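This report refers to the structure that appears directly beneath it.
Here the structure is a predicted model, which means the values were calculated and not measured.
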Amino acid sequence: MKAGIVVFPGTNRERDMAIALRTVTGRAPAMIWHRETDLPDLDLVVLAGGFSYGDYLRCGAMAAHAPIMAAIRRFAEAGGHVLGVCNGFQILTETGLLPGALLRNAALRFLSQDCHLRVERNDTPFTRHWATGDVFRTPMAHGDGNYIADADTLKALEGEGRVAFRYARPDGRVDPGDRLSNPNGSQNAIAGVLSPNLRICGMMPHPEDLVDPLMGGEDGKPLFEGLVEALVR
Amino acid sequence: MSSGSAGQKPVDQALAQEFGLTAEEYGNVLSIMGRTPTLTELGIFSVMWSEHCSYKSSRVWLKTLPTTAPWVIHGPGENAGVVDIGQGLAAIFKMESHNHPSFIEPYQGAATGVGGILRDVFTMGARPVANLNALRFGSPDNPQTRRIVDGVVRGVGGYGNCVGVPTVGGEVNFHPAYDGNPLVNAMTVGVARQDRIFLSAAAGIGNPVVYVGSRTGRDGIHGATMSSSEFDEDALAKRPTVQVGDPFVEKLLIEACLELMATDAIVAIQDMGAAGLTSSSVEMAGKGGVGIDLDLDAVPQRERGMTAYEMMLSESQERMLIVIRPDRTEVARAIFDKWELDFAVIGHLTDTGHIVVRHQGQVEADIPLDPLADQAPIYRRPTAPSPAPAPLGPITDPLGIEQALIRLIGCPDLASRAWVWNQYDSTVGGQTVKRPGAADAAIVKIEDTSIGLALTTDCTPRYCRADARLGGAQAVAEAWRNIVATGARPLAVTDNLNFGSPEKPEVMGQFVSAIEGMGEACRALDFPVVSGNVSLYNETRAPDGSSVSILPTPAIGGLGVLDDVNAAIGLSMPADCTLVLVGATTGELGQSLWLREVHGREDGPPPALDLAAERRNGDFVRAQILAGAIVACHDIADGGLLVTLAEMVMAGDVGCVLLAPQSGMRPEAFWFGEDQSRYVVAVRDVDAFTLAATQAGVAIRVLGHSGGNGLTLPTGATISIARLNAVNSAFFPALMDQ
């Protein structure tokens with residue numbers, strides 16, 4: 001799998017993501033500068049976490065108009081695989097490649113803590129190394145992760161099975177009204193969503209920060225292992 | 001020579017006094033200049049000779065601290081301290097205060113505190129890998145406290161999270177002595193190659209002086225002077241002297257500077273911190289023994305009509321000054337263009353030994369640099385001893401062990417800090433091995449190596465108030481102990497000396513005693529001071545008009561190293577381990593949290609500190625950790641032994657069953673005494689451990705074993721882990737989220 005990570009001014013989790021990808025692929029991903037207008041030959045484009053453009057205006061809003069985004073849109077339209085994590089997810093919603101938006105966390109505070117995600121389907125490149133219903137632990141670190149979408153969009157997402165991950169209790173129970181298990185107050189406790197072709201995934205938490213027992217566990221690793229397996233060529 | 005803008009007050013002794021210079025200091029300015037200085041010159045003298053920049057009250061004492069060791073590469077005098085951590089790498093670190101701004105405008109005060117200390121570290125060529133802090137707030141009952149805690153925590157997080165440097169540790173305390181004068185001490189740790197360390201001494205006559213980063217505005221003018229005086233009733237009216245931070249620009253500046261540092265373009269570099277363009281240009285030229293000419297028309301400005309005085313005194317954030325090789329100017333410019341940052345050649349080095357500042361065709365300042373530095377005031381201020389604390393006398397236990405434990409783990413100084421930590425991104429970078437609360441020191445791995453850094457901040461101000469010398473030594477010893485408890489080898493400290501007004505003899509006495517104690521502990525533990533910061537005039541006005549000093553607070557930031565980070569251990573213990581107390585217990589309740597929380601008393605002598613025992617116990621514990629004999633470890637600090645055990649139980653969600661306390665001692669003294677130099681360790685082979693301790697001459701005592709769903713006291717009573725957690729986690733949400 002050839003992976004590339006896009007770096008915008010203010011991106012700050014590109015190193016974490018590179019380590020996670022290197023851990024499973026054995027090779028360093030390409031780092032792609034936001035002013036590029038073409039992508040190299042890639043199987044996976046990753047939009048990493050951080051504060052692109054300082055989160056000024058609105059999280060992800062300015063990055064959505066960076067020169068590289070036209071190339072990413074073409075890549076996606078051609079069936080390419082895209083993973084957006086945290087600020088990357090925000091950028092994907094701002095570009096319209098994924099539906100919905102991320103509001104300020106319900107408690108209006110930045111939240112950096114572990115959370116648990118329930119895998120909603122396992123027939124996608126992002127989730128194939130889990131079983132449907134599996135629960136895994138992952139760090140989250142964001143101020144604006146409160147997922148919202150209008151009623152029709154939400155209905156379509158749920159109806160088409162395009163929710164990849166939900167915030168859950170360790171035992172798998174989902175309760176959107178419970179601030180302990182759904183810390184940022186997301187609608188339907190949605191933590192990650194998929195595009196209609198299941199090849200674009202956006203999620204708020206950071207599985208890339210839990211791929212090494214030394215850092216507290218490997219709970220995030222299946223996501224990357226699944227991608228390598230799906231995108232091998 | 002310009003006389004400054006029209007309409008300005010005349011430069012005279014009255015204005016000098018307004019700028020914080022004494023009559024004698026102003027007389028010295030006149031004799032150096034041989035004429036009346038311009039407004040800009042007076043501004044330059046006043047900030048360079050402020051307490052904040054000149055350390056005039058503290059310098060003679062700071063010189064007594066030990067600053068060398070075979071592993072120290074650069075001690076005090078550079079932007080930050082530098083130590084050898086092996087494999088050709090260096091850790092670069094420092095702690096700095098932003099106390100006064102954080103009372104006036106908590107969010108920006110704390111945020112720019114973080115930004116400033118980050119620049120001190122990356123200006124030396126290091127990529128910042130961790131932030132820590134030491135925060136002291138007023139009484140939780142004070143109506144201002146909530147506002148200040150909220151703003152400071154948001155500010156620390158807002159800046160650190162955005163620049164993408166994990167905030168991995170720190171301490172938070174509450175005491176009424178900080179009402180109206182909170183302490184915000186921020187520490188940054190970075191890592192650089194030892195052959196790529198950048199210093200600030202300018203060199204090369206004719207070399208261009210380059211300004212990079214944010215544009216200069218009118219913010220923070222005279223910030224350094226503000227932080228060198230006491231607060232009065234108009235403290236909040238000083239809001240315009242507080243700087244405003246932009247962590248996004250800082251992030252770009254870090255990346256651009258590190259990219260430039262990978263080339264050979266830089267001769268010298270320094271951030272524009274306190275006193276901005278003035279201190280950076282004066283210090284760089286002064287250290288290099290050269291002169292410097294600045295053309296202020298070339299300075300990137302974000303406001304119109306700024307005067308030379310305003311530009312030289314501005315403390316706008318996220319700016320750096322670089323002396324560059326002339327043939328590399330365009331290479332450097334291209335890097336800063338890439339990162340969309342301002343880049344301007346604003347001057348050059350000269351052989352005049354003067355700083356000459358030009359603006360709009362006028363010479364606004366022309367000052368000889370040598371006397372500006374050499375004749376900076378140095379004061380050996382009068383000191384007065386503080387009375388020794390009276391002995392405690394007989395003490396009763398009105399509450400019982402179980403109830404006292406519940407009260408202690410719920411009290412403001414011991415309650416879970418998760419509410420605070422959860423607002424700081426502690427995992428960005430993917431190298432955080434032990435997050436806040438998981439071990440006595442945070443552990444951060446150095447990417448692409450096996451090296452781990454152990455980082456902590458420590459001070460027990462109530463000990464310092466009772467006995468400043470012992471308190472200073474104890475702060476150093478506790479930092480050392482916290483590093484040892486993870487298995488790391490302690491290397492060096494940075495200090496942040498927060499005290500009241502040096503013009504009060506009793507405060508100056510505390511300051512001198514604390515430094516003596518620190519020096520003593522640093523020498524005994526081979527734990528030198530490599531960088532630091534002094535914050536004086538931490539005073540507020542009492543309702544009766546008198547001036548109230550903060551508790552003496554010499555905060556210590558400690559750094560240690562693990563050659564193999566896999567060896568690091570934390571608080572969590574598995575079941576079926578034997579719990580062993582390392583170190584002797586006499587049951588010292590003076591100045592203990594038990595005494596304060598149960599009896600409402602803050603008195604008695606603080607616990608004694610035997611530095612030889614400290615060293616012996618610590619070296620033994622570290623060796624046993626590295627040998628794999630100890631699987632969990634927690635030093636015994638605030639609250640004593642039983643609180644330590646409860647914290648271990650909560651950290652790992654594994655209970656413990658305790659044996660009877662030491663005979664010949666009151667139970668509360670055994671369980672809650674704050675005797676120093678002690679650890680609780682979890683071991684699997686207690687016989688082998690006992691033998692090793694005997695051979696090392698270290699006192700140990702078996703406390704019980706791990707396992708179960710609660711903390712079981714010798715009486716058989718069990719406090720469930722759920723109850724411990726509920727009590728421990730209640731304080732912050734109750735205070736802040738109402």
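- Contact annotation for Glu250(B): neither backbone nor side-chain heavy atoms come within less than 4.5 Å of a heavy atom of chain A.
- The neighbour count for Asn566(B) CG, taken as heavy atoms of other residues, nucleotides or ligands under 6.0 Å away, is above 12.
- The shortest non-hydrogen separation linking Lys251(B) to Thr11(A) is CE-O, 3.2 Å.
- Taking every heavy atom of both residues into account, Pro9(A) and Leu252(B) meet most closely at CB-CD2, 3.6 Å.
- The backbone N or O of Asn161(B) lies less than 3.5 Å from a partner atom in the side chain of Asn12(A), making a donor-acceptor pair.
- Considering every non-hydrogen atom in both Lys338(B) and Trp33(A), the closest pair reads O-CZ2, 3.6 Å.
- Counting all heavy atoms, side chain and backbone alike, Arg435(B) lies closest to Pro139(A) at NH2-CG, 3.9 Å.
- Surrounding CZ of Arg302(B) are more than 12 heavy atoms belonging to other residues, nucleotides or ligands, all under 6.0 Å away.
- Between the CG atom of Asp425(B) and the CE atom of Met140(A) there is a distance of 11.0 Å, given to the nearest 0.5 Å.
- Interface residue Thr432(B): only backbone heavy atoms are found under 4.5 Å from chain A.
- Put simply, of Arg109(A), Arg15(A), Arg13(A), the one with the most heavy-atom pairs under 4.5 Å next to chain B is Arg109(A).
- Atom CD1 of Ile443(B) is separated from atom CE of Met215(A) by 11.0 Å, given to the nearest 0.5 angstrom.
- Between Trp421(B) and Ser112(A) the shortest side-chain heavy-atom distance does not fall below 4.5 Å.
- From Arg35(A), atom CZ reaches atom CD of Glu340(B) across 4.5 Å, with rounding to the nearest 0.5 Å.
- Residue contact with chain A, scored on non-hydrogen atoms closer than 4.5 Å, involves the side chain of Asp737(B) exclusively.
- Note: Gly429(B) leads Gly164(B), Gly429(B), Gly157(B), Gly452(B) in heavy-atom pairs under 4.5 Å with chain A.
- Contacts of Val565(B) with chain A are made by both backbone and side-chain atoms, with heavy-atom separations under 4.5 Å.
- The part of Asp448(B) that comes within reach of chain A is its side chain, from C-beta onward, which places non-hydrogen atoms under 4.5 angstrom from that chain.
- Counting only heavy atoms from C-beta outward, the side chains of His206(A) and Val428(B) never approach each other to under 4.5 Å.
- When each of Asp246(B), Val163(B), Val165(B), Val153(B) is scored by its heavy-atom pairs under 4.5 Å with chain A, the top score falls to Asp246(B).
- Once rounded to the nearest 0.5 Å, the distance linking OG1 of Thr427(B) with CD of Glu208(A) reads 8.5 Å.
- Proximity to chain B involves both the backbone and the side chain of Leu214(A), based on heavy atoms less than 4.5 angstrom apart.
- Residue Lys445(B) touches chain A through its side chain alone, counting heavy-atom pairs closer than 4.5 Å.
- Note that CZ of Arg154(B) and CG of Leu108(A) are 7.0 Å apart. Values are rounded to the nearest 0.5 Å.
- The aromatic rings of Tyr53(A) and Phe248(B) sit tilted, their planes meeting at an angle between 30° and 60°.
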